Amino acid sequence: MTDFHDGTRCVHAGLPAPAPGEPFLPGPVFAAPYHLDPWQGPAATPNGYGRPDNPTRRLLEAAIGELEGGDCRVFASGQAAITGLLLALLRPGDSVLLPADGYFPVRAFATDTLEGIGVRVQFAPTAGPYPSFEGVRLVLLETPANPGLDVVDVADLAARAHAAGALVAVDNTTATPLGQRPLDLGADLVVASGTKALTGHSDLLLGYVAGRSADLLDPITAWRTTTGAVPGAFDAWLAHRSLATLDLRLARQTANAEALARLLAGRADVTGLRWPGRPEDPAYPVASVQMRRMPGVLSFDLGDADRVARFLDAARLVAAATSFGGLHTTADRRAQWGDDTAPGFVRLSCGVEDTADLVSDIAAALDASLAEGPAAEPGGVIRAG
Ligand SMILES: Cc1ncc(COP(=O)(O)O)c(C=O)c1O
């Protein structure tokens, strides 16, 4: 299917060859153990036990692998995939370089857990400058970074890191494999949360690692089997079913983000707008060359927590929710989760609503939020999406 365009590849990705009487996408196979051949045991079948083996999961892996251009292993969540990759590849005494502005639970994991087992952890901002890669075992990039949406030139970074002997992994959550293919850009591994735009229905958790080297994927697969960080069959099936519409969903999300970026850029009461698809955005020069399409996520600042609450209260089409990439437009004040962002910083994820409806609803909600109203409820700090 590699010779077809995005929409076609998404519809067909990972499907078994057509067979009369069989469904297009076989239903989920729910199994812990499978029947074994009494004489040959597990050698006779690809399915022995559910932790390493599940046919529903394998079809999903074939689908994501096709889109990323590598072999894929799915995990129970994005965090399971990222922490699995880091723990499977890093050893005490190794050095790892992580994004200073990336998904903050990954940063917390690095300083809490990786440093605790003797891994040296360094951070660099996604947009640079980057330190020397000498002595670094693994560089993890996140581009566009969540939630600030800076980008990095993956091909350039990979060439420099490889010259120093470092491996490069790219978190492709925000872009999805239709937005960019890090393996084609020179990365050794892709890692991502499939909870977001990839599956896009806000109804499951998923993660994956993809790559072209068995030497790298084998220890990660072994780690997954040992720790049991696998998605269940029903979630894997739902994810595969959702993949078929990825091209359609992204097209509308990107169009909505573009229209909203135009609206927000024109308002003096909104500051710090970031969307890599805007020619005025600092990320645009790299993003417009590196990315095949722009994300449906943008970020901006409304000044303080109360104004964000008034905005969310007034909006009819913007749900207050964390995560991003779903069918429904959502907005998240990141500081409420303990993310090191300003109190009025908002990450807004465009859904697939009609563009005109969304623009007028958000314009009206921003107007309404300018009037003073009840103070925002103080919230607890919990780490999340
Ligand atoms: C860039 C990025 N990577 C990884 C994750 C973790 O994914 P999950 O929530 O599926 O564990 C997230 C979640 O928001 C994310 O935004």
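Along the sequence shown, the residues carry numbers beginning at 1. Ligands are counted one by one from 1 in listed order, and the atoms in each one are counted from 1 as well. Values in this document were obtained by computation on a predicted structure and should not be read as measured data.
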Seminar exercise, completed: Near T173 (heavy-atom distance under 4.0 Å), the atoms of ligand 1 are 1 (C), 2 (C), 3 (N)
For this session: Mark the output for V191 as yes if a heavy-atom distance to ligand 1 is under 4.0 Å, and as no if none is.
Result: no
Exercise. Looking at residues at least two apart in the chain, or sitting in another chain, which of them share a side chain to side chain contact (heavy atoms under 4.5 Å, CB included) with N47?
Worked result: Y34, T45, D53, P55, R58
Exercise. Could you state the interatomic distance from CG (L317) to OG (S360), rounded to the nearest 0.5 Å?
Worked result: 7.5 Å
Exercise. Within the distance-only criterion (no hydrogens, no angle test), does the side chain of Q290 pair as donor or acceptor with the backbone N or O of V152 below 3.5 angstrom?
Worked result: yes
Exercise. Quick one: do the Y208 and E68 side chains pair a donor with an acceptor below 3.5 Å?
Worked result: yes
Seminar exercise, completed: Within 4.0 Å of some non-hydrogen atom of D171, the atoms of ligand 1 are 1 (C), 2 (C), 3 (N), 4 (C)
Problem set entry | ligand 1 N/O within reach of S193 N/O, cut-off under 3.5 Å | yes
For this session: Enumerate the atoms of ligand 1 whose separation from the nearest heavy atom of T195 is less than 4.0 angstrom.
Result: 8 (P), 10 (O)
Exercise. Heavy atom under 4.0 Å from ligand 1: found in I82's side chain, backbone, both, or neither?
Worked result: side chain
For this session: Give me the ring orientation class for F133 and Y130: parallel if the planes are under 30° apart, tilted from 30 to 60°, perpendicular past 60°.
Result: tilted
Exercise. Which of the atoms in ligand 1, numbered in the order shown and given with their element, are less than 4.0 Å from a heavy-atom of K196?
Worked result: 9 (O), 12 (C), 13 (C), 14 (O)
Side chains of residues 254-269: which donor-acceptor partners sit under 3.5 Å, not counting sequence neighbours?
residue: T254; atom: OG1; partner: L250; partner atom: O; Å: 2.8
residue: T254; atom: OG1; partner: M294; partner atom: O; Å: 2.7
residue: N256; atom: OD1; partner: T355; partner atom: OG1; Å: 2.5
residue: N256; atom: ND2; partner: G351; partner atom: O; Å: 3.0
residue: N256; atom: ND2; partner: E353; partner atom: O; Å: 2.9
residue: R267; atom: NE; partner: D269; partner atom: OD1; Å: 2.9
residue: R267; atom: NE; partner: D269; partner atom: OD2; Å: 3.4
residue: R267; atom: NH1; partner: A363; partner atom: O; Å: 3.4
residue: R267; atom: NH1; partner: D367; partner atom: OD1; Å: 3.0
residue: R267; atom: NH2; partner: D269; partner atom: OD2; Å: 2.8
residue: R267; atom: NH2; partner: D367; partner atom: OD1; Å: 2.8
residue: D269; atom: OD2; partner: R307; partner atom: NH2; Å: 2.6

Exercise. Counting each atom of ligand 1 from 1 as listed, which ones have a heavy atom of L206 under 4.0 Å away?
Worked result: 10 (O)
Exercise. Does R160 reach the main-chain N or O of A155 with its side chain, forming a donor-acceptor pair under 3.5 Å?
Worked result: no
Exercise. Taking N or O atoms only and a 3.5 Å limit, does F324 qualify as a polar contact for ligand 1?
Worked result: no
